[in-house]
Amino acid sequence: IVSWSSLVVGYFEHGLSQEALRFFEEMQVDGSFPDVITWNAVLLGCAEHGESERALMMYAQMLEQGVLPNTATFLSAIKACGNTSALDLGNKLYVQCWQGGVSEETELIMATALVEMFGNCGSMTRAQQVFDAMQWKDTPMWNALMRGYSRQGESEHALHLFERMSKEGAHPDSITFLCVLMICNHAGLLDKGQEYFESMSKAYGISPSIKHHNCMIDLLGRAGHLNDALILLKRMPYQPN
RNA sequence: ACUGCAGUACCAU
């Protein structure tokens, strides 16, 4: 089972989903029956490669076959619900995923996945509910909530969360800034975007990646600051892609 | 005992 599972993971991780699924079938013909780890690998592989409907079907199959879901199973299934806006199943998983009890660290990871899922489903009320229920929130959790609001077009609220997270002791990271810059981009907030971009390295000690630079080039370009966009492209410490 | 799965940019006017 370990051999086959490792093979399946390898194929998924190299973007070869069809082959991975073929080996998942073949292992069973060969007499190795997938355990929870094998199923988890397949669920996540499907969910991460645009096959979330399939992931949810396979989740049902897994249960039919009497394999008990664990934390990793729920994380993958929750992700698949977010990708397909399957809010009903998402709500069920929200209840089920706590069964059996989880460690505090796992609890936060699970809650973050739920916030992301509800955000993807457009249900910010639920997302906020899960967020509020956690006594302490780390950076990924704040990021997940922020992305939810920004996806709903609530740019101001999302940017407000940026201010709040620092006050509450969560340090913005590289992804926080990608999110914030993208919000400025969508909302056409050039000045604010530039402020954030500069504060990244100056105030937060995070060096902007090429993705951050590309956000800024996009933002400058859309705002009509074409020469500034060109200068940034030419001067950034990355090979333009 | 040990090996395989484990929470976040976005996605092209």
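Only heavy atoms go into these numbers, but all of them, side chains included; no hydrogens, no water, no symmetry mates.
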Requested in this report: Fit a plane to each ring of A:F162 and A:F177, take the angle between them on a 0 to 90° scale, and name the class: parallel (under 30°), tilted (30 to 60°) or perpendicular (over 60°).
Outcome: perpendicular
**Report entry** Parallel, tilted or perpendicular: rings of A:W4 and A:F23 (30°, 60°)
**Finding:**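 Tilted.
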NA contact type, [X], heavy-atom cut-off 4.0 Å: base, sugar-phosphate, or nothing?
X	answer
A:D138	base
A:A41	sugar-phosphate
A:I1	base
A:L108	base

Nucleotide [N], atom [atom2] - distance to [atom1] of [X] in whole Å:
X	N	atom1	atom2	answer
A:E13	B:rC5	CD	P	7 Å
A:M58	B:rC5	CE	P	18 Å
A:F12	B:rA6	CZ	P	12 Å
A:N40	B:rG4	CG	P	14 Å

Requested in this report: Mark yes or no for a side-chain to base donor-acceptor pair under 3.5 Å between A:S6 and B:rG4, with no hydrogen or angle criteria applied.
Outcome: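 Flag unset: no donor-acceptor pair detected.
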**Report entry** Distance-only donor-acceptor test, A:T38 side-chain atoms vs B:rG4 base atoms, 3.5 Å
**Finding:**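 Check passes, donor-acceptor contact within cut-off.
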Short question: side chain of [X], backbone of [Y] - any donor-acceptor pair under 3.5 Å?
X	Y	value
A:D173	A:I175	yes
A:N91	A:L87	yes
A:N83	A:A47	yes
A:Q152	A:G119	yes
A:H160	A:E156	no
A:N185	A:L181	no

Query raised in the report: Taking protein heavy atoms under 4.0 Å as touching, what does nucleotides 8-13 of chain B look like 5' to 3' if B marks base contact, S marks sugar-phosphate-only contact and - marks none?
Result: BBS--S
Report summary line: Stems with RNA chain B, 3 or more Watson-Crick or G-U pairs in a row (under 3.5 Å), are none
**Report entry** Residue list, salt bridge (charged side-chain N to carboxylate O under 4.0 Å, His left out) with A:K79, at least two apart or on another chain
**Finding:** A:E48
